[in-house]
Amino acid sequence: AVFSPLALQSMTDAQGMEQLDSPTATFVLPEADVPGTDPMETLRPYQAEVLRYQVVTLDMDRRQIEGAVAFVDISGFSALAHALGQSAKGAMILSQCINDYLALLIAAVKEHGGDIITFAGDAFFAVWQHIGGEGSSPAVPLLRATQCSLLLQHKYNAHHVPGTSVVLRVHIGIAYGFFFGLTMRAQGRGLFLLCGRPMTTVGDAVEASIAGQVCLT
């Protein structure tokens with residue numbers, strides 16, 4: 001398994017109160033500033049019915065994260081699955097094609113200082129943190145996210161899959177703001193989430209874009 005630095009930080013420092021001297025260090029978020037009064041009630045409508053009868057603990061990362069988030073959405077995987085469906089090795093070829101394409105996108109994000117947070121079907125979220133410090137500007141992570149997104153469009157949009165007529169395309173939304181982390185734990189397993197207004201607005205941005213476009217909000 002591959003974990004992002006943000007997720008690892010949350011899992012190894014569950015209390016979230018200790019300042020870390022690392023590129024992923026964030027700042028203590030005061031209790032009163034945590035959005036909402038009961039995060040569990042906020043998430044309850046999205047919780048599977050079967051899980052409501054299990055003991056679920058919700059740990060909130062007390063660290064504030066400022067930065068840019070990009071939602072990279074890929075289209076063409078369904079068409080690719082259909083094109084390879086008649087092949088005896090179709091599933092294996094499909095998996096390899098998807099992995100190869102995602103590897104190109106992920107490498108570009110990492111080269112531009114981004115942090116892959118999570119995958120959502122045929123899309124993924126990447127974050128560029130504003131670390132702060134003397135002379136630093138919040139514009140830097142936003143510019144890096146934008147530069148990376150434009151590169152993804154330039155190099156990897158309209159990607160022809162060898163041996164098929166399928167073309168993979170990407171459209172990207174970008175938002176900037178403050179996040180907080182949630183770590184949901186149940187029966188020894190955990191799931192790290194980023195929450196906050198940018199996670200909503202970035203969805204609006206990607207919905208407003210079409211293949212080949214980058215939309216900022």
Just by modelled atom types, is the Q213 backbone N or O under 3.5 Å from a matching donor or acceptor in the Q153 side chain? yes
Using atom types as modelled and distance alone, determine if a side-chain donor or acceptor of H112 lies under 3.5 Å from a backbone N or O of A145. no
What's the shortest heavy-atom distance between G76 and V166, and which atoms? O-CG1, 3.7 Å
If you take all heavy atoms of I93 and L84, which pair is closest and at what distance? CG2-CD1, 3.8 Å
Does any N or O in the side chain of S95 come within less than 3.5 Å of the main-chain N or O of A91, such that one atom is a donor and the other an acceptor? no
Can L151 be reached from L143 by stepping across I, L, V, M, F, W or Y side chains whose heavy atoms are under 4.5 Å apart? no
Under the side chain to side chain contact (heavy atoms under 4.5 Å, CB included) rule, what do H130 and V140 come out as? Steps first, then yes or no, please. CA-CA 7 Å; H130 173 50; V140 172; 5.9 Å; no
Taking the inter-plane angle between the rings of Y101 and Y156 on a 0 to 90° scale, is it parallel (under 30°), tilted (30 to 60°) or perpendicular (over 60°)? perpendicular
What are the two closest non-hydrogen atoms of C215 and A208, and how far apart are they? SG-CB, 4.1 Å
For the side chain of N157 and the backbone of V170, is there at least one donor-acceptor N/O pair under 3.5 Å apart? yes
Nearest 0.5 Å please: distance from the OG1 atom of T146 over to the CG atom of L216. 4.5 Å
Any chance you could measure K155, atom NZ, to L104, atom CG, to the nearest 0.5 Å? 8.0 Å
When hydrophobic residues are tied together by side-chain contacts of less than 4.5 Å, even through go-betweens, does M92 share a cluster with L102? no
Here the gap from F119 atom CZ to F125 atom CZ, rounded to the nearest 0.5 Å, amounts to 12.0 Å
Check against side chain to side chain contact (heavy atoms under 4.5 Å, CB included), V69 and I117: CA-CA 10 Å; V69 58; I117 297 301; over 6 Å; no
So, for Y176 and P138, which heavy atoms are closest and what is the spacing to 0.1 Å? OH-CB, 3.2 Å
To the nearest 0.5 angstrom, please state how far the CG atom of D122 sits from the CG atom of L80. 11.5 Å
What's the separation between atom CD1 in I172 and atom SG in C148, rounded to the nearest 0.5 Å? 7.0 Å
Indicate, with yes or no, if I106 and V161 share a hydrophobic cluster defined by side-chain heavy-atom contacts under 4.5 Å among Ile, Leu, Val, Met, Phe, Trp and Tyr. yes
Can you tell me how far CG of L105 sits from CD1 of I116, rounded to the nearest 0.5 angstrom? 8.5 Å
Membership question, hydrophobic clusters at under 4.5 Å side-chain separation (ILVMFWY): are I98 and V167 in the same one? no
Heavy-atom side-chain proximity of D115 to K110 below 4.5 angstrom: yes
Side chain to side chain contact (heavy atoms under 4.5 Å, CB included) between V206 and V202: does it pass, once the steps are laid out? CA-CA 6 Å; V206 80; V202 75; 5.9 Å; no
Taking all heavy atoms of H171 and all of I210, pick out the closest pair and write down the distance. CB-O, 3.1 Å
Go through it in stages, so that I can follow the logic: the residues are V109 and V72, the test is side chain to side chain contact (heavy atoms under 4.5 Å, CB included), and I'd like the CA-CA distance, side-chain angles, deciding distance and then a yes or no. CA-CA 10 Å; V109 169; V72 181; 5.5 Å; no
Does one hydrophobic cluster hold both W128 and L142, with members joined at side-chain heavy-atom distances below 4.5 Å? yes
Test your reading of the model: is there a side-chain donor-acceptor pair from T201 to the backbone of P198, 3.5 Å cut-off? yes
What is the minimum heavy-atom distance between L194 and M199, and which atoms define it? O-CG, 3.6 Å
